[in-house]
Amino acid sequence: MFEEYTAREERGQVGIGTLIVFIALVLVAAIAAGVLINTAGFLQTQAQSTGEESTEQVSTNLVFLSTTGTVDVDGSGELSGINQFSTTVQLGPGSNAIDLNDSTVSVFTDAGASAEFDGVDPANSVGTDEIAFDGRSTSVLSTDSSDSDATATIVVTPDSGGQLGVGEIEAGTTVDVVITTAEGTQAETSFIIEDPLDPQLNGGTDGSVDGDEIRLG
């Protein structure tokens, strides 16, 4: 009788131990499942957000069309560089509208001059402000290619007292212009001011070519 009772008691204890282990396994599995669900939800949200950002970046882009410069001459009438340049941009294919006043325009030269303009304000004036639009009342590029606002010409007038710190960009200088949109996409163009400048521009002590335009890119 005593031995039979002991055997039953041992089997009961084993059964309780097994039950405890089973409950612990269930709890661990439930916690693990919760963690996996939360992680999956986080990854899904992150992937969706990244996808939306990528789509926005792909669908928001600029294209540089052309760049011209205004010739400058020194006191002896020699062609010395440019005292202004104009670059024209438009939206890339399928791009959303871009507000250039919400974009950053950076200008760098291999001579060490640099400037970073916080947008292009339509209220700025060419020749008075270091950066301005050429005859444009809005800073938003239109998505309608037939609209006059589908392209924009940005005019940069170097100023020794401004951000660039120079009054002209000398012949032989390489210039980089980078526009960074509010969405983070970038468009870049680069041009070299030939040295010597266009030989058809002979200069002259009367400054007859001062203010002429040359194509840069």
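Residue indices begin at 1 and follow the sequence shown.
Proximity of Val107 to Val175: side-chain heavy atoms (C-beta onward) are separated by under 4.5 Å at one or more points. Between Val177 and Glu188 there is no side-chain heavy-atom pair separated by less than 4.5 Å. You'll find the side chain of Val140 stays beyond 4.5 Å of the side chain of Ile98, heavy atoms only. Side-chain contact between Asp118 and Asn101 is absent, with no heavy atoms from C-beta onward closer than 4.5 Å. Side chains of Val26 and Val28 form no contact here, defined as non-hydrogen atoms less than 4.5 Å apart. Residues Asp102 and Thr181 form no side-chain contact, since every pair of their non-hydrogen atoms from C-beta on lies 4.5 Å or further apart.
A donor-acceptor pair under 3.5 Å is formed between the side chain of Ser103 and the backbone N or O of Asp99. Checking side-chain atoms of Gln90 against main-chain N and O of Phe64 turns up no donor-acceptor pair under 3.5 Å. A donor-acceptor pair is defined here as one N or O able to donate and one able to accept, closer than 3.5 Å; such a pair exists between the side chain of Glu130 and the backbone of Leu164. Looking at Asn124, its side chain does come within 3.5 Å of a backbone N or O of Ile131 through a donor-acceptor pair. Within the 3.5 Å criterion, the main-chain N or O of Ile214 finds no donor-acceptor partner in the side chain of Thr68.
Within the model, atoms CG of Asn96 and CG of Asn61 stand 9.0 Å from one another, a figure rounded to the nearest 0.5 Å. Here OG1 of Thr153 is found 5.5 Å from CG of Asp134. Values are rounded to the nearest 0.5 Å.
Side-chain polar atoms of Ser80 and Glu170 form no donor-acceptor pair below 3.5 angstrom. Residues Thr151 and Thr88 have side chains that never bring a donor and an acceptor to within less than 3.5 angstrom of each other. Between the side chains of Asp144 and Ser146, at least one donor N or O lies within less than 3.5 Å of an accepting N or O. In the model, Thr87 has a side-chain atom that pairs as donor or acceptor with a side-chain atom of Thr67 under 3.5 Å.
Scanning for salt bridge (Lys or Arg N to Asp or Glu O under 4.0 Å) contacts around Asp149 gives Arg136, with sequence neighbours left out.
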